Structures are given as structure tokens and as C-alpha cells.
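Quick notes on the structure that follows.
Computed from a prediction, not measured in an experiment: that's the story for all the values here.
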2 protein chains.
Amino acid sequence: MVPVRADARRNRDRIVEVARDIFRSKGYDAVSMDEVAKAAQVGAGTLYRHFPTKEDLYDAILEAWADRVNAAVERALSLDAPARERLMAWLADFAAMLTEHRGAAARITAALGDPSSPFAAKCQTYLGANERIIEGLASAMRPGVEPLQISRLVGGVAVVADTSEMPPGSVASMLEIVADGLLAQEGANLANR
Amino acid sequence: MVPVRADARRNRDRIVEVARDIFRSKGYDAVSMDEVAKAAQVGAGTLYRHFPTKEDLYDAILEAWADRVNAAVERALSLDAPARERLMAWLADFAAMLTEHRGAAARITAALGDPSSPFAAKCQTYLGANERIIEGLASAMRPGVEPLQISRLVGGVAVVADTSEMPPGSVASMLEIVADGLLAQEGANLANR
DNA sequence: TGCAAAGCGGAGAGAGTCTCCGTATAGTTC
DNA sequence: GAACTATACGGAGACTCTCTCCGCTTTGCA
């Protein structure tokens, strides 16, 4: 086992903690690495040794994310409500988590199909969550829907919400359209075909 | 009326022409303004006098866009086919136009609610097109759908498609889900509620 | 206490966007 | 067609951001 020097661990922890606050208050794109280094009182070299890219740093900040995603799935599935309402609960929770830090939704969603991304582990969590949703609501779900599709649809809505200064409620109404699409049964709209 | 010097007009036209090719081959983000200036054989100062920002330059490149958007609407509405098919024709055309230049979908979609954006005029075209679609397919359309909602949903799908290296067909299947959501009638999924 | 090995930090390379301002030229006036 | 002025040109460089290199410092073990 490789020993980790105490100063290294201390610096790493302080960087993550400080960076989390800065990202939350200013958004991903508006934060420079120099700014993080200064705030954490380390040199740029130190920052970059711990986190080779800005995305790696962001990935470390999202450490606890997986747990929250899984909790949201369980919460939605365990609701005593119709399938549509449970689906909406999940979609809304997930979109909210994606837009928690400005600029994050686009990066995470873009990484969905890229195993080499620093966010690959987060994406697996995300895809797994949607897999659970599809299983849990199987009887009501549109036939043939895949986790990747739901992930991308909600990701797309989240990206737009993130970059558009939308009034509250707008996101929800867009998600309702997506939800209805995801629940559409064959022949449900036969009259329109 | 303010006279326009011949050299100025010549340069402006050449810049737009050259830039269109470069953006098409490399994508918005991968092109630097210096590169455009060099290719158009003008100095950086000249480029920036004609187009104060990179987005202004891009806006000029999209000059003929409005016509194509409107043509796509007319084409979709005039199809002799069920509403769902006509809606899909439009959504697919529009998503394709948005992803024509890599990086453009995100910028145009983000500008939808921002009247001060250089793309404001393009956004009006886009919103107007969706207004026509809603009117044209009114009887089949989900009650209460607004142009801004469709614009953002398709924009979201386009952004994801643009940043994700998706296999052909994936975009279409996501748009089908959106289309079904947009056509969902009250009570259509009653069994799930 | 001594000494590798690991870690630190900041100057600066490289890439962008965009500005400033001295120079050149188009178009008008006589 | 020469002189003049408003307009346009061009490129050096200011500023910002990500990320690297390498001489110096600190840690933890013997």
C-alpha cells in the first residue's frame, strides 16, 4: 500500500471543500482553477496534481451524488400513487439534482455515452437509476424504452433549464410532456395516426 | 443614408463566406476568431469591427436559416399523413437544422428566452415555426402546449445529440417520445393514473 | 538526526477573445 | 486629378483561462 502524506490529504480535502462552495455560488464555467487554488491557499501545481483537469475536480465534488440519486429513485418508487405521479417525482428530483450546479447538467449528460469521461461512474449511477425506474414502472412504461433514452431526455431538459433562466414550473411542465411520452402505450393516440 | 465603403463590404462578405465553411467543418467551439481572420485574409481588428463577438459572426452565417425553417414547417404541414407523422417530420427536420453546426444547438436554445442575444431574431423564427405547427395540428395537439415548450424540448434533444456522438436513429427515437408527449390527450393514459 | 521520496507552489507556456491606435485607402470636393 | 477627411485596415498586445515544469520544502521512516 502506498502511504499518503498527511499534508497531501489535508490539501486535497480542503480543495474539495472550498471548491464545492465556489462552484455552488458561481457555477462551473464562471470558476477558474486559479481562483480555487487561491481560495484553498495552495499553488496551481498542487491543485493540478490532485485533480488533473477541472472535470476531475468537479467529479470529486459530486462524491455523495450517487447516494442521493439512489435515494430519489427509492423514494419515487415507494410512493403510494399512480405510475405517472411516481415517474414525475423521479424526473423532477433528477432534473433538480442535475441543475444544482450551473453548467454541470451539460457536462454530465454529454458524458453519458463516453466511458473515458471523468464522470463515467456518475453516469453509471444515473443509468442504473433509470433502469430501476423502468423496471419498477414496467407495466405502465412505453414498450422498449431504455435507460439511456430517459437519461438523455431528462438531461436535455436540465441543460435547457440550466442555460435559460426559466420561471419555476416551466421545467415541470416540460417534464410532464416527457413523462407522457414515456408512458404512451401503443395505440393510445390511435385517433391521431 | 450612411455610405458603405466598397472594401468594407467586400471584406464582410468574404469573412462570412469563409467562416461558414470553417464552422461547418470544425464546429463552433473548435474555431478561433484568429483562424477566421487569417483564412479571410484580414486582421483581427477588421474581423471584430464587422462582428463584435463570435456569436455575432455566427448569427450572420445563419442568415438564410429562417427561410429553411419556414420551408420545413410548410413541408411537414402539407404532408398527406396523420398528425403524428407530420409532427415527427417537423421535429426531425428541426433537430437536424439545429445540429448542423456543432455547438450551435446549445447557443440557440439558450437564447430562446433572451431578447438581447444576437440570436434573438433566429429564436423568433423558431418560435413562430412552432406556433404554426401547434395551429396546424391543433386538433391532435396536447391542450395548452406552447411554442416555447416545443422549442426547448427539441432544443434539449438537439443539444444532447450534438454533444454525445449518438448512433443514427437514436435522435429519432427520442423525438418520438417527445412527439407522443406532445400529442397526449387528457385521459389517454387514464389507466396509469 | 539524516535522508529519500513525496509534495509544494508559482512562473510561465500556450491558446483564446477582444482592444487600441498608427497607417492606408475610398470617395468626395474643388 | 489633387487634396482632404471620414472610414476602414491590421496586427501587436492586454487580459484571461487551463495546464506544465522544475527548484525548493516537508514528511515519515530508519
Side-chain angles (χ1 to χ4, degrees), chain A residues 1-19 22-23 25-61 101-104 106-107 110-111 116-119, chain B residues 1-19 22-23 25-61 101-104 106-107 110-111 116-119:
Chain A
M1 136 148 198
V2 180
V4 177
R5 271 171 54 165
D7 55 348
R9 166 154 297 283
R10 222 170 22 235
N11 277 334
R12 204 201 116 102
D13 290 349
R14 196 170 62 254
I15 289 169
V16 171
E17 197 171 338
V18 165
I22 304 184
F23 277 120
S25 71
K26 305 180 67 171
Y28 186 92
D29 292 318
V31 174
S32 81
M33 290 296 264
D34 268 15
E35 188 180 350
V36 173
K38 279 210 170 54
Q41 295 180 298
V42 299
T46 301
L47 173 54
Y48 276 95
R49 194 166 343 86
H50 286 295
F51 307 102
T53 70
K54 197 175 173 182
E55 295 200 332
D56 288 313
L57 170 59
Y58 193 68
D59 182 65
I61 287 171
H101 297 123
R102 190 157 296 174
R107 282 159 203 282
S116 70
S117 159
F119 302 134
Chain B
M1 140 150 195
V2 180
V4 178
R5 268 172 55 164
D7 55 348
R9 166 154 296 282
R10 224 172 17 236
N11 277 333
R12 203 201 117 103
D13 290 349
R14 197 171 60 254
I15 289 170
V16 171
E17 198 172 336
V18 164
I22 304 184
F23 277 120
S25 71
K26 305 181 65 171
Y28 186 92
D29 293 318
V31 174
S32 79
M33 291 296 264
D34 268 14
E35 188 180 351
V36 173
K38 280 211 168 54
Q41 296 180 298
V42 299
T46 302
L47 173 55
Y48 277 95
R49 194 163 347 84
H50 286 295
F51 308 102
T53 70
K54 197 174 173 182
E55 296 202 331
D56 288 312
L57 171 59
Y58 193 69
D59 182 64
I61 287 172
H101 296 123
R102 191 158 295 173
R107 281 159 205 283
S116 70
S117 160
F119 301 133

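- By the side-chain hydrogen bond (donor to acceptor under 3.5 Å, both in side chains) test, B:Arg14 pairs with B:Asn11, sequence neighbours left out.
- Taking every heavy atom of both residues into account, A:Asp56 and A:Phe51 meet most closely at O-CD2, 3.9 Å.
- A donor-acceptor contact under 3.5 Å is not formed by the side chain of B:Arg5 with the base of D:dA8.
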Please table the atom pairs, donor to acceptor, closer than 3.5 Å between any side-chain atom in residues 30-45 of chain A and protein atoms at least two apart or in another chain.
{"unit_1": "A:Ser32", "atom_1": "OG", "unit_2": "A:Glu35", "atom_2": "N", "d": "3.1"}
{"unit_1": "A:Glu35", "atom_1": "OE1", "unit_2": "A:Ser32", "atom_2": "N", "d": "3.3"}
{"unit_1": "A:Glu35", "atom_1": "OE2", "unit_2": "A:Lys26", "atom_2": "NZ", "d": "2.7"}

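- Distance B:Arg10 CZ to D:dA8 C1': 11 Å, rounded to the nearest Å.
- Taking OG1 from B:Thr46 and CZ from B:Arg12, the interatomic distance works out to 13.5 Å, rounded to the nearest 0.5 Å.
- To the nearest 0.5 angstrom, A:Glu17 atom CD is 11.5 Å from A:Ile22 atom CD1.
- Backbone-only contact: A:Ala6 has heavy atoms under 4.0 Å from sugar-phosphate atoms and none from a base.
- Applying the ring pair (Phe, Tyr, Trp, His ring centres under 6.0 Å) test to every pair with at least one member in residues 29-48 of chain A, sequence neighbours left out, gives no pairs at all.
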Polar-atom pairs under 3.5 Å, protein N or O versus N or O of nucleotides 20-24 of chain D: list them with distances, or write none.
none

Review item, nucleotides 14-16 of chain D N/O atoms under 3.5 Å of protein N/O:
none

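- Whole-Å rounding puts the A:Arg9 CZ to D:dG28 P distance at 12 Å.
- Proximity of B:His50 to the phosphate of D:dA8: no side-chain N or O atom is located under 4.0 Å from OP1 or OP2.
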Short N/O separations, protein against nucleotides 1-3 of chain C, under 3.5 angstrom:
none

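- Residue A:Asn11 places no side-chain N or O under 4.0 Å from the OP1 or OP2 atom of C:dG7.
- Residues satisfying the side-chain hydrogen bond (donor to acceptor under 3.5 Å, both in side chains) criterion with A:Asp13, sequence neighbours excluded, are absent altogether.
- Atom-to-atom, CZ of B:Arg12 to P of D:dC9 comes out at 12 Å; the value is rounded to the nearest Å.
- Every side-chain contact (heavy atoms from CB on, under 4.5 Å) that B:Ala110 has, sequence neighbours left out, goes to A:Thr163.
- The side-chain hydrogen bond (donor to acceptor under 3.5 Å, both in side chains) search around A:His101 returns A:Tyr58, not counting sequence neighbours.
- The CZ-P distance, from B:Phe51 to C:dT17, rounds to 15 Å in whole Å.
- Of the candidate nucleotides C:dT17, C:dG7, D:dC9, C:dG7 has the atom nearest to the side chain of A:Asp7.
- Qualifying side-chain hydrogen bond (donor to acceptor under 3.5 Å, both in side chains) partners for B:Arg107, counting only residues two or more places apart in sequence or in other chains: B:Asp29, B:Glu55.
- Look at NZ on B:Lys38: it is 12 Å from P on D:dG10, rounded to the nearest Å.
- Residues of residues 26-34 of chain B having a heavy atom closer than 4.0 Å to DNA chain D: none are found.
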